[in-house]
Visitor: 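Here it is, the structure, as structure tokens.
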Amino acid sequence: MRLMKFSSFARCLRELESTASRKEMVGILAELLKRSSEEEVGKICYLCLGRLAPVYRSVEFNVAEKTMLKVLSFSFGVREDEVRSRYKKLGDLGSVAELLRGEYRGAGRGGDLEVAEVYNELLRIARDSGAGSQERKVHSLAALLRKLSPLGVRYCARIPLGQLRLGFSDVTLIEALAVMVGGGKEEVKFIRQKFNIRPDVGEIVRVIKLHGLEGLKEVGVEIGTPILPALAERMPTMEKIVEKLGEFAVEPKMDGIRLQIHLNKAVNGQPLVDSLESQRELFNEQGSKKESPGALVCIFSRRLDDVTDMFPDVVAAVQKLPVDSAIMDGEAIAYNPDTEEFLPFQETMKRKRKYNVAQKAAELPLKVFLFDLLFLNGKSLLETAFGERRRLLEKLVLDGNLLMAARHTKVNSARKLKKLFDLYISEGLEGVMCKRLDSPYQAGARNFNWVKYKRSAEGVGLPDTVDGLVMGYYAGRGQRAKFGVGAFLAGVFNPQKDRFETIAKVGTGLTDDQWREFSRRVGPLEVKAKPAEYCVAKELECDAWLRPGLVVEIDADEVTCSPVHTAARGLNIVRTGAENGAGLSLRFPRLVRFRDKLPEEATTVEEIMEMYRMQQT
DNA sequence: CCTGACTGCCC
DNA sequence: ATTCTGC
DNA sequence: GCAGAATGGGCAGTCAGG
């Protein structure tokens with residue numbers, strides 16, 4: 001079979017981009033996969049998804065928006081501010097690149113590259129690092145783009161940004177795999193199950209091409225290969241949760257970092273699995289061995305990043321577990337051993353690091369609350385009911401110091417649920433997780449087997465919503481480009497200084513109609529320069545500034561200390577662990593509605609401080 | 001050797 | 001993370 | 001109800017440049 005040309009691939013992507021129906025997309029994708037040969041089909045899958053490798057071995061490009069502007073400028077000899085202004089208007093670097101390529105009259109059209117050649121070059125560029133690498137990346141990407149057709153450039157330029165914006169992702173691609181082999185719903189389900197335990201579409205399609213669906217049967221849960229984590233849905237009220245779940249258990253929801261922990265002990269001095277290391281070699285990584293005598297531990301984040309090196313304390317504790325092999329799901333959170341209090345998410349995040357790991361581990365000891373067991377002593381438990389998985393989890397002898405089982409209470413009424421919810425909130429936790437006792441571990445799925453109910457679900461996350469002044473806005477990308485807005489900057493009023501200080505950017509909560517309304521309302525307020533009474537960090541510089549006029553109601557989950565937002569900065573606040581000069585901001589801000597209020601009637605910095613104090617207790 | 005812009009990944 | 005939209 | 005695509009705050013790491 002001939003290798004596919006990139007131009008041909010690009011035409012297929014254009015067809016996909018202009019297709020809205022998922023059914024049709026599946027058909028087009030199936031045809032594309034059928035047309036590609038074994039050697040290239042994996043690469044084609046990754047490229048389709050805007051990647052170069054499966055998520056769990058993600059290749060960091062270290063090239064994104066800003067660098068791509070430079071690439072386009074350099075590649076097609078257009079001033080950078082010209083590229084930037086086109087980008088602001090179109091909201092998509094692929095479209096900008098395509099136009100510039102079309103207008104480009106310079107030499108440099110090489111022959112028609114194959115998809116695999118483009119892939120290989122992108123991978124080479126991504127892997128470049130160290131001194132001078134940024135410049136080399138810009139030059140290499142620019143040279144690559146010049147070798148492609150305008151349509152090829154459109155998609156090639158989007159790949160380093162990690163998304164092709166074609167309207168499909170992993171799941172749709174899997175459906176296409178099933179269709180490729182002439183399968184139906186059953187086959188989709190089968191392939192998806194395999195994908196959940198081997199989240200690598202490229203690998204799965206290679207297996208199917210070589211050995212058919214039969215070959216996929218060999219794929220099982222493997223220590224060292226992450227399983228897609230199960231995710232929780234949300235519901236508006238506790239009554240609805242009880243109604244929906246029937247018999248379920250309640251666990252506290254901790255505000256930490258999700259960890260999937262794999263353990264494999266040696267049998268007769270032989271590690272049961274060596275795939276982790278061999279797979280790393282395949283991708284030329286310098287993965288250091290983490291085996292202490294006989295026990296391999298690896299830890300994955302929610303997005304399947306290998307974070308083993310960041311948690312040596314967890315590794316040590318897990319190695320002591322009296323089992324041959326296991327995969328556990330849990331949440332890690334930093335705590336203060338003197339007060340026994342859990343620390344805010346921002347503190348836990350400091351444990352996610354590459355350097356000074358041991359020092360930080362001592363400063364910020366962790367608790368890991370295990371809440372699920374997916375694999376034990378060589379056997380997958382994914383199909384085992386949650387109640388039984390939980391029973392097995394409790395039989396593991398956890399050390400009770402770092403490793404603990406999450407508290408777990410069977411519940412069948414809204415009254416009991418409410419009681420537990422109140423208890424956990426009083427302990428300063430985020431809320432509760434409600435889990436069906438009879439459900440399997442639904443890897444990769446966000447569904448109603450698990451339902452989260454957070455503090456913020458109680459109508460509002462904060463003691464009250466915030467009325468913020470809209471100070472300016474930012475150009476939208478992708479589908480937001482047509483509104484001319486993608487997000488806006490909101491501020492609160494400081495009456496002492498008679499000025500507005502920023503508290504959040506807001507980019508969600510508006511319907512398409514509200515975005516249009518936003519544009520209408522904001523038009524008459526536009527001014528050329530930032531008003532003098534606005535106190536804004538330079539990182540938050542808006543694309544368009546507005547004089548005071550529009551006030552909006554904003555909800556959020558929490559008020560947090562901020563290194564960039566200026567709200568209440570300089571006021572004497574008692575803050576744990578925050579440096580002087582920090583302001584306040586909102587966590588997960590979203591618009592509730594437009595208000596008809598005067599700018600001076602916006603929430604004041606004192607009121608924000610009061611909200612901040614209230615949540616501390 | 002330090003700082004700031006940028007990137008990627010946690011939520 | 002939250003939220004909205006099209007299928 | 002699912003899949004996908006917009007968007008948030010904030011942390012650490014990388015690299016360029018003073």
Visitor: Side chains of A:Ser140 and A:Arg124: is there a donor and an acceptor less than 3.5 Å apart?
Guide: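 Side-chain D/A pair, A:Ser140 to A:Arg124: present.
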Visitor: On DNA chain D, compare the nucleotides closest to A:Asp128 and A:Phe448; which residue's is nearer the 5' end?
Guide: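 Here A:Phe448 is the residue nearer the 5' end.
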Visitor: Going by an N to O cut-off under 4.0 Å, is there a salt bridge joining A:Asp170 and A:Arg51?
Guide: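 So A:Asp170 pairs with A:Arg51 through a salt bridge.
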Visitor: Using a cut-off of 4.0 Å on non-hydrogen atoms, how would the nucleic acid contact of A:Thr67 be classed: base, sugar-phosphate, or nothing?
Guide: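 Answer is sugar-phosphate: A:Thr67 comes under 4.0 Å of backbone atoms only.
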Visitor: Say we look at B:dG8 and C:dA1: how far apart would their C1' atoms be, to the nearest angstrom?
Guide: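 Looking at atom C1' only, B:dG8 and C:dA1 are 16 Å apart.
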Visitor: Under 4.0 Å between any heavy atoms, over every strand shown, what does A:Arg477 touch: base, sugar-phosphate, or nothing? Just pick one.
Guide: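 Sugar-phosphate only.
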Visitor: With a 4.0 Å cut-off on heavy atoms, is A:Gly132 in touch with a base, just the backbone sugar-phosphate, or nothing at all?
Guide: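 Touches sugar-phosphate only.
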Visitor: Going 5' to 3' along DNA chain D, which nucleotides are the first and last within contact of chain A (any atom under 4.0 Å from a heavy atom)?
Guide: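 With heavy atoms of chain A under 4.0 Å away, the range is D:dG1 to D:dA16.
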Visitor: Scan A:Lys452 against the nucleic acid and name what it touches under 4.0 Å (heavy atoms): base, sugar-phosphate only, or nothing.
Guide: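 Sugar-phosphate: the residue A:Lys452, judged by heavy atoms under 4.0 Å, touches backbone atoms but no base.
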Visitor: Report the distance from atom CG of A:Leu69 to atom P of B:dA5, rounded to the nearest whole Å.
Guide: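 Atom CG in A:Leu69 sits about 16 Å away from atom P in B:dA5.
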Visitor: So what does A:Lys137 touch, heavy atoms closer than 4.0 Å: a base, only the sugar-phosphate, or nothing?
Guide: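 Counting heavy atoms under 4.0 Å across all strands, no contact is made by A:Lys137.
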Visitor: So, do A:Thr603 and A:Asp464 sit near enough that their side-chain heavy atoms are less than 4.5 Å apart?
Guide: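 A side-chain contact is absent here, since even the closest heavy-atom pair is not under 4.5 Å.
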Visitor: With a 6.0 Å cut-off (strictly less than), is the heavy-atom count around NZ of A:Lys23, excluding the residue itself, greater than 12?
Guide: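 At most 12 heavy atoms, drawn from other residues, nucleotides or ligands, come within 6.0 Å of this atom.
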Visitor: Regarding A:Arg158, tell me which of base, sugar-phosphate or nothing describes its non-hydrogen contacts under 4.0 Å with the strands shown.
Guide: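 No contact at all - A:Arg158 keeps every heavy atom at 4.0 Å or more from the nucleic acid.
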Visitor: Just checking A:Glu539: base, sugar-phosphate only, or nothing, at a heavy-atom cut-off of under 4.0 Å?
Guide: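 Counting heavy atoms under 4.0 Å across all strands, no contact is made by A:Glu539.
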Visitor: Whole angstroms only, please: what is the CZ-P distance between A:Phe488 and C:dT3?
Guide: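 Rounding to the nearest Å, CZ of A:Phe488 and P of C:dT3 are 13 Å apart.
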Visitor: Can any side-chain N or O of A:Glu233 pair as donor or acceptor with the backbone N or O of A:Phe448 at less than 3.5 Å?
Guide: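 No; judged by distance alone, with no hydrogens or angles, the pair does not exist.
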Visitor: Can you tell me if A:Arg480 uses its side chain to pair, donor with acceptor, with the backbone of A:Gly486 under 3.5 Å?
Guide: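 Side chain of A:Arg480 to backbone of A:Gly486, a donor-acceptor pair under 3.5 Å: yes, one is there.
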Visitor: One pair to check against side chain to side chain contact (heavy atoms under 4.5 Å, CB included): A:Phe518 and A:Leu550. What are the steps and the verdict?
Guide: CA-CA 9 Å; A:Phe518 182 93; A:Leu550 178 60; 4.2 Å; yes
Visitor: Measure CZ/A:Arg455 against P/C:dT2 and give the value in whole Å, please.
Guide: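 Atom CZ in A:Arg455 sits about 12 Å away from atom P in C:dT2.
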Visitor: Hey, are A:Lys240 and A:Glu243 close enough for a salt bridge, meaning a charged N less than 4.0 Å from a carboxylate O?
Guide: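 Result for this pair is no, no salt bridge flagged.
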Visitor: CG of A:Leu586 versus P of C:dT2: gap in Å, rounded?
Guide: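 Distance check: A:Leu586 CG to C:dT2 P gives 14 Å.
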Visitor: For a quick check of understanding: with a heavy-atom distance under 4.0 Å over all strands, which category does A:Ile174 fall into, base, sugar-phosphate or nothing?
Guide: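 A:Ile174: no heavy atom of the nucleic acid under 4.0 Å.
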Visitor: So which protein nitrogen or oxygen atoms get under 3.5 Å of nucleotides 5-7 of chain C's nitrogens or oxygens?
Guide:
unit_1: C:dT5; atom_1: OP1; unit_2: A:Asp512; atom_2: N; d: 2.8

Visitor: For a quick test of reading the model, state the closest non-hydrogen atom pair linking A:Tyr441 to A:Leu228 and the distance between them.
Guide: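 Taking A:Tyr441 first and A:Leu228 second, the nearest heavy atoms are CE2-O, 3.9 Å.
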Visitor: On DNA chain D, nearest-nucleotide positions of A:Gln479 versus A:Gly444: which is more 5'?
Guide: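 With A:Gln479 and A:Gly444 compared, the 5'-side residue is A:Gly444.
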Visitor: Taking NZ, NE, NH1 and NH2 as the nitrogens, is one of them in A:Arg516 or A:Asp513 under 4.0 Å from a carboxylate oxygen of the other?
Guide: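 Judged by the 4.0 Å cut-off on N to carboxylate O distance, A:Arg516 and A:Asp513 do form a salt bridge.
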Visitor: What is the separation between atom NZ on A:Lys538 and atom C1' on B:dA5, rounded to the nearest whole Å?
Guide: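 Atom NZ in A:Lys538 sits about 9 Å away from atom C1' in B:dA5.
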Visitor: Separation of A:Leu591 atom CG from C:dA1 atom C1', in whole Å?
Guide: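 So the two atoms are 17 Å apart, to the nearest Å.
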Visitor: Is A:Phe248 close to A:Val242 at the side-chain level, that is, under 4.5 Å between some pair of heavy atoms?
Guide: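 SC-SC contact between A:Val242 and A:Phe248 confirmed.
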Visitor: State yes or no: are the ring centers of A:Phe369 and A:Phe342 separated by less than 6.0 Å?
Guide: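 Under 6.0 Å, so yes.
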Visitor: A:Lys66 side chain N/O closer than 4.0 Å to the phosphate oxygens (OP1, OP2) of B:dC6?
Guide: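 Checking B:dC6 against A:Lys66, a side-chain N or O does come within under 4.0 Å of OP1 or OP2.
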Visitor: Show me the protein contacts with nucleotides 8-11 of chain B, counting only N or O atoms at under 3.5 Å.
Guide:
unit_1: B:dG8; atom_1: OP1; unit_2: A:Asn62; atom_2: N; d: 3.2
unit_1: B:dC9; atom_1: OP1; unit_2: A:Ser58; atom_2: OG; d: 3.3
unit_1: B:dC9; atom_1: O3'; unit_2: A:Lys352; atom_2: NZ; d: 3.3
unit_1: B:dC10; atom_1: OP1; unit_2: A:Ser301; atom_2: OG; d: 3.4
unit_1: B:dC10; atom_1: OP1; unit_2: A:Asp305; atom_2: OD2; d: 3.4
unit_1: B:dC10; atom_1: OP1; unit_2: A:Lys352; atom_2: NZ; d: 3.2
unit_1: B:dC10; atom_1: OP2; unit_2: A:Ser301; atom_2: OG; d: 2.9
unit_1: B:dC11; atom_1: OP1; unit_2: A:Arg258; atom_2: N; d: 2.9

Visitor: What I want to find out is whether A:Arg351 reaches A:Asp313 closely enough, with some N-O distance under 4.0 Å, to be called a salt bridge.
Guide: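 A salt bridge links A:Arg351 with A:Asp313.
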